[in-house]
Every structure is written in C-alpha cells, then in structure tokens.
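In each ligand, atom 1 is the first atom listed, and ligand 1 is the first ligand listed. Computed from a predicted model, the values in this text were never measured in an experiment.
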Amino acid sequence: MENKFSPATPRFPHMLHGGDYNPEQWLKYPEVLKQDIELFKKAGINCVSLGIFSWANLEPKKDKFTFEWLDEIIDNLYENGIYTVLATPSGSRPQWLAEEYPEVLRVGETGQRNIYGHRHNHCYTSKAYRERVKIIDTKLAERYANNPAVILWHISNEFGGECHCELCQKAFREWVKEKYKTLDNLNHAWWAHFWSHTYTSWEQIHSPSWIGETSVHGLDLDWKRFVTHQTIDFMKEEISAVKAVNPDIPVTANLMGIYVYGLDYYKIGREIDIVSWDSYPEWHLPGANEIMARNESLSHDMMRSVKQRPYLLMECTPSTTNWRQISKLKKPGMHMLSAVNAIAHGADSVQYFQLRQSRGSAEKFHSAVISHASSENTRVFKEVSKVGGMIKKLSDTVYSSDNPAKAAIIFDVESKWALDKCQGPRNAGLDYFGVLQKCYNYFWKNGIGVDIVDSEFDFDKYSLVIAPMLYMFRGNIAEKLRRFVKNGGTLVTTAFSGVADETDLCFMGEDTEEKLSDVLGMWVEETDSLYDSEENGMTWQEKEYKLYELCEILHPTTCEVLAVYQNDFYKGSPALTKNKYFGGTAYHLAATAHQDFYDDFFAYLADEAELERAMNTEIPKGVSVTYREKSGKKIIFVQNFDEHKKTLALDKQYKDVLNGEILNGTLEAGGFSARIITPDDEEQL
Ligand code: GLA
Ligand code: ZN
C-alpha cells in the first residue's frame, strides 16, 4: 500500500532527532567540537540545524566569504552519520551590514529607527537587505545544496514583527492601491468617512500607529495582511535563491504555533514544502499541566493542518527555557512525554534548541542537550538519549503517517485580528482563543482526530465543522459552509459569528445569506455582554449549564430551539438552536458556555457523526489519547499528563510498539509518561 505522504526529507527519509547547533560560537575550542560529535552519537542525534546565526562567520566582511569552517563541521558530522538542516542566516545580520546599509534596521510605529542589536528585526522591504541576503543564500546553496549531507533548508528564523520605515510605507501604499484601485473604493471599504478621516490621496495612507491612526479598522486589518504579504515576499526571494541551485531540497520555515499574533501562518505554509515549528509549553505551572498539554496539542494540530501533512518539531527545550519570569525544569519523564505528544499529533521529528549550551550572552542559561558540564552524565542528557532511542525504534512505524480527521475547527487569524480591534461588545476580552480551546478539548481528550483550518480551506472532506466565534465571514466562506451543510455536513457556530465582512464592515439586513441565516434558521438581533459577576443559564437534554460573557438575542426563523435562557429580560428566548438544511444540520450556541457544555455537546455530535476514536474506552482525567495511521494500521499514543499513574481498560488486544509486550485487559501509564500501542494483528487472525 503506497503511503499517503512523500517523505519530508527525501535524502534521509526517517524521523529526525536533532536541533540547533551553533559551532560558530566554539571555533576556538576544537576539543568541544570533537566531543559534541561523540555525545550526539550517544544521544541518538541524527541531524543538526546549522548556520541560523552564522552570518558574521560566513561573511565577516562584505563579499569576503569564509565557508571552510562550515565545510569541516558538515563533513565531520556526515562521516559520523549526522545530517545537516542548513539555515539561511537572514534572522540576524553582521554589524558591518547595518553600518553600511542603515535602511536594513527596522523602524517602529512611532517612526524611530532601531540602532544595531538583537535579531529578527530587519526591514523586509529594504532592497539592500534583500540583495545581501540573496548573495549569502546563493553562496550557501552553491556550496552545499548538492552535498548529500544537507537534507533541508531552514529559511531564516522565526519570521515575525513589522517595520514602519518609509520603504515599507511606500510598499504598503502600492499594495493598498493594487487592492482597491480607487480612493472611493478604499474610503468605502475602510469606512473612512467616519470622523472625517476620508483619504484624498494615496500618500495619506500610513501604517497604524498609537501616535496616529488606530480608529480605522479596515486600515488595521489591511496593514496586518500586508505584513504577512511582505514577509512572504521576502521569504520567497530566499526560497528562490536556494532552489535556483537545487530545487530538490525541501524548504521549511520555523513557525511558532497558534498563538503567534502578527502573521498568517496558513499563507506562509503555502510557500514552503514542510511546516516546522518551535514549541515551548510552560510545563509544571502548578495544577496546569493538562491545560498546557491541550494548548500545545492545539498548536500541534494547527501546524499539521497548515499543509495537511506531517510537520517537524524544529525546536523544543531539553529542559528549561530562560526567557520566562520563572525558568522551571522539566520534571523527570516530561521531556519524553512532550516529545511523544508532538509525534502523536503529526510531528516527524523532535529537535531542540539547543544542542550545546551557549557559554555567554543572552541564552547561556537556556537548557541544552549538552550543558556547561559538558558531560553525558546529566539527567537531561540521559532523558534526551532516551528520546533518541525511542525515535529510532519508532521511525519505521510512524514516519510519514497520517493523522486522520473527519472533524475540523476553523481558526481564522484574520477574524482574530478583527475581533481584537472591534471595540465592543466586550473590550475586556472576547476570549476567542478560550472558545476555540473549549471546542478543541473534547476531541483532544477522546482521541478523535481534528484539523485546525482557516476560512480558505475546503470543508467537503469533513463531517463536522466547528466555527467558533467566526466574527468575520471573508472570501467565499459562507458559500462553502452552505454547500457543506447542504451536502449532509454538521456545522456548529457560536456567539458573535458572521458579523462582519472582510474589511470589517458589518453585514446589513435581518436574515441574509451573507450571515448564513438561511443555513442556521435564525438571525441575531442584539448581543448582551455580561459583567464578570453575572451569569445566565440553560437546560439542554435535562442538564443545566451556566452561560456567561456573551448572550445573543436571536430571532428563530426555521430553526428548532433546543434550549432557552433562564434569566434576564430575554428569559425564554433561544440559547441553543438546530436547523435542518437540505441534507445537513447547523447548530448555533448563542452564548458563552463552560467546558462542561462543550464536552457534552461534542460527545453527542461525535456520536451522531460517527467520528472514529483512537480507542473505545473511558479516558481517565489528565490522560489524552491520539492516533496516527499508516498502511491502514493505527498507532495509538496514550499520554498521561498527571503526576500519578493512570489505568485504562483496553477494548481489545494491543501490542506495545516500543517493547513488543502484548497487552490485554488494562493498560497502565505512569505519572508524566506515555505508552505507544497498536492493535495486535495476531489477535485478529
Ligand atoms: C526561539 C529561537 C531560538 C532560541 C529559542 C529559545 O525559538 O528560534 O533561536 O532563541 O527561541 O527558547
Ligand atoms: Zn521597512
């Protein structure tokens, strides 16, 4: 049976275990570089990410290139069976470059230009920067793209942020002009006659700034779209430079999961071959490991969904970070557990920041596979080695396998941008992520595959689509959701959905198709915002649920009312509705509910839609079950995020993938540990 996915890294088609390696910091310590290779082998490291911050060592002076040290590092590693993920160095530039071309330094929203320092802060419009990046990228590609040791390009590092310099303003104006063609269109789309902010020339367009314009919401949205556009434009130039030499080496860019605010990762994802991301959950926050695990898993699922295929975990910490207020160690077992969590949700690698702990400067106290002790005799080194062993054993079974999903949750970053600025109905927070997370948690816990997609995806392959607080209906989303329900799908929307169009203009009219009123069988008249001390409630299927924050007052047209409000002047009006629309059904939850409702509601819908589960068993608290599938066979990841041992009743005979043990009756997972099992074929014969 042919596998659904081609390998992420064809030159080394296996699961990766590696990380960021910065030998340029250690060129004066040959004994350290030698020891690194020995220790990497002991830890089961099969790849390293090189060159991310090496520009000053690769081009110490303009047009003077010094690659010899890197040749030696790459060759030595390769001779020892260790492959290279090679980065383009644009994330951090040498001093000489900023000195000669000050325009590469970013300008803040008040118009002040940075002085040289830090990283990830270049102007992505600057021609001078793009040219210098192209030169170094091309040189790197010419030297290494045909080297069998190099398996993947790592383009720049953690793209992010924005620049407000004159070059960026000019590019923004051009982008806006191209989009709207006339000022009349622009003034309408941005509703700029409000407060007399009418634009009378293109030159008046300026990026949003707290000392300037923040009240034109359409401007704000378009600026954010432009920032993504310009970042992608910059990234694409880097990709073309390396692909021009050898188009067969895949490219990735390391993203940062769902909580990254400024960039639309779905759009970035379309331009790279493989998604990778950097995951740093705050483990061991008292009482919060399960919450942390859910949040992290949501990001993992999103990262997988961006390209609908396995991704790479490009960075995680072997133990602690150093940039939080409190730098907590990962307790014994947690490193393995969080590595398994990433793999369970679709990662084909576990890679670290950093392999060798930096000796000085900003990251000297960030943990590493090899600490300042330079020893294999450390707890962290041993835990990393254990993960290395696990990855080696697991690779054939799991590499390039699928995470099947018949359910999808729509996460739309543009809608989130608009919600954050929409001014009302709750400036104290509309808690978009909270609603999204509550929808997700049921699936996370119960081993039901779920994709996290944005408004631009097709929904036809799913049977259940959840659109939590999808404030903005942009593009043809309404049409796609209508078709999805018409063809038999189940749609769930929640309060404050379908309010505005793509430039944040509110939809007009009572029950209009733009708002999907026909599909939902109702239209919303008013939205009440509750004080934090207030609550309302409803009864659904004989159980009471509390409601808070937002309560919509709606007009049912064709829908059935499943539950009504218990209090306030809208007591008795619909809080939960269901509408049959052609072959499918659309539900609307008109208020904010707590987790108990989402759990019960999605359990009901998952059964109705006959969504497949990892296992048919009760999952204990603190445990999550996830599965991947390869050649029709399930690989099940039972993860215990609680510190105490948990026991699951097994619904059939399984085999432990790592040690071959046959499992019947019950399965135990110790505190902070995971089991990886697969249905036992022998039994089926
Ligand atoms: C990010 C960066 C790395 C490093 C780590 C530290 O993910 O990409 O270079 O700074 O954070 O956690
Ligand atoms: Zn700029």
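Looking at ligand 1, you'll find an N or O of Asn157 within less than 3.5 Å of one of its N or O atoms. Where the criterion is an N or O separation shorter than 3.5 Å, residue side chain and backbone included, His120 fails it with respect to ligand 1.
Aromatic ring centres of His335 and Trp283 lie farther apart than the 6.0 Å criterion allows. The ring of His284 has its center closer than 6.0 angstrom to the ring center of Phe672.
In this structure, atom 2 (C) of ligand 1 lies nearest to the protein heavy atom Glu315 OE1, 3.4 Å.
Excluding water, every protein N/O/S atom under 2.8 Å from the Zn ion (ligand 2) is given here by residue and atom: Cys123 SG, Cys163 SG, Cys165 SG, Cys168 SG.
Checking Tyr261 against Asp420 by side-chain atom types alone, a donor-acceptor pair falls below 3.5 Å.
Contacts between Glu363 and ligand 1 below 4.0 angstrom, taking non-hydrogen atoms only, involve the side chain exclusively. Neither the backbone nor the side chain of Gln354 comes within 4.0 Å of ligand 1, counting heavy atoms alone.
Checked against Arg356 for a side-chain hydrogen bond (donor to acceptor under 3.5 Å, both in side chains), the options Gln25, His372, Gln35 give a single hit: Gln35. A ring-ring contact (aromatic ring centres under 6.0 Å, His included) with Phe40 holds for exactly one of Tyr352, Phe381, Tyr21; it is Tyr21.
Minimum interatomic distance between Phe411 and Phe433 (heavy atoms only, all atoms of both residues): CE1-CE2, 3.6 Å.
With ligand atoms numbered from 1 in the order given, ligand 1 contributes 6 (C), 12 (O) to contacts under 4.0 Å with heavy atoms of His366. The Phe53 neighbourhood of ligand 1 comprises atoms 9 (O), with distances under 4.0 Å to a heavy atom of that residue. Listed by number with element, the atoms of ligand 1 under 4.0 angstrom from any heavy atom of Glu158 are 1 (C), 2 (C), 7 (O), 8 (O).
Here Asn403 contributes atom CG and Asp301 contributes atom CG; the two are 7.0 Å apart, rounded to the nearest 0.5 Å. Considering CG of Asp222 and CH2 of Trp417, their distance stands at 10.0 Å, rounded to 0.5 Å.
Not counting sequence neighbours, the partners of Arg113 by the side-chain contact (heavy atoms from CB on, under 4.5 Å) test are Leu105, Val107, Cys165.
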Quick one: do Asn76 and Lys34 satisfy side-chain hydrogen bond (donor to acceptor under 3.5 Å, both in side chains)? Show the steps, please.
-> CA-CA 9 Å; Asn76 284 344; Lys34 212 163 145 214; over 6 Å; no
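Counting heavy atoms only, Trp323 comes closest to atom 12 (O) of ligand 1 of the residues Trp277, Trp323, Phe353.
Salt-bridge annotation for Asp451 and Arg304: present, with a side-chain N of the basic residue lying under 4.0 Å from a carboxylate O of the acidic one.
Ligand 1 lies less than 4.0 angstrom from a heavy atom belonging to Arg119.
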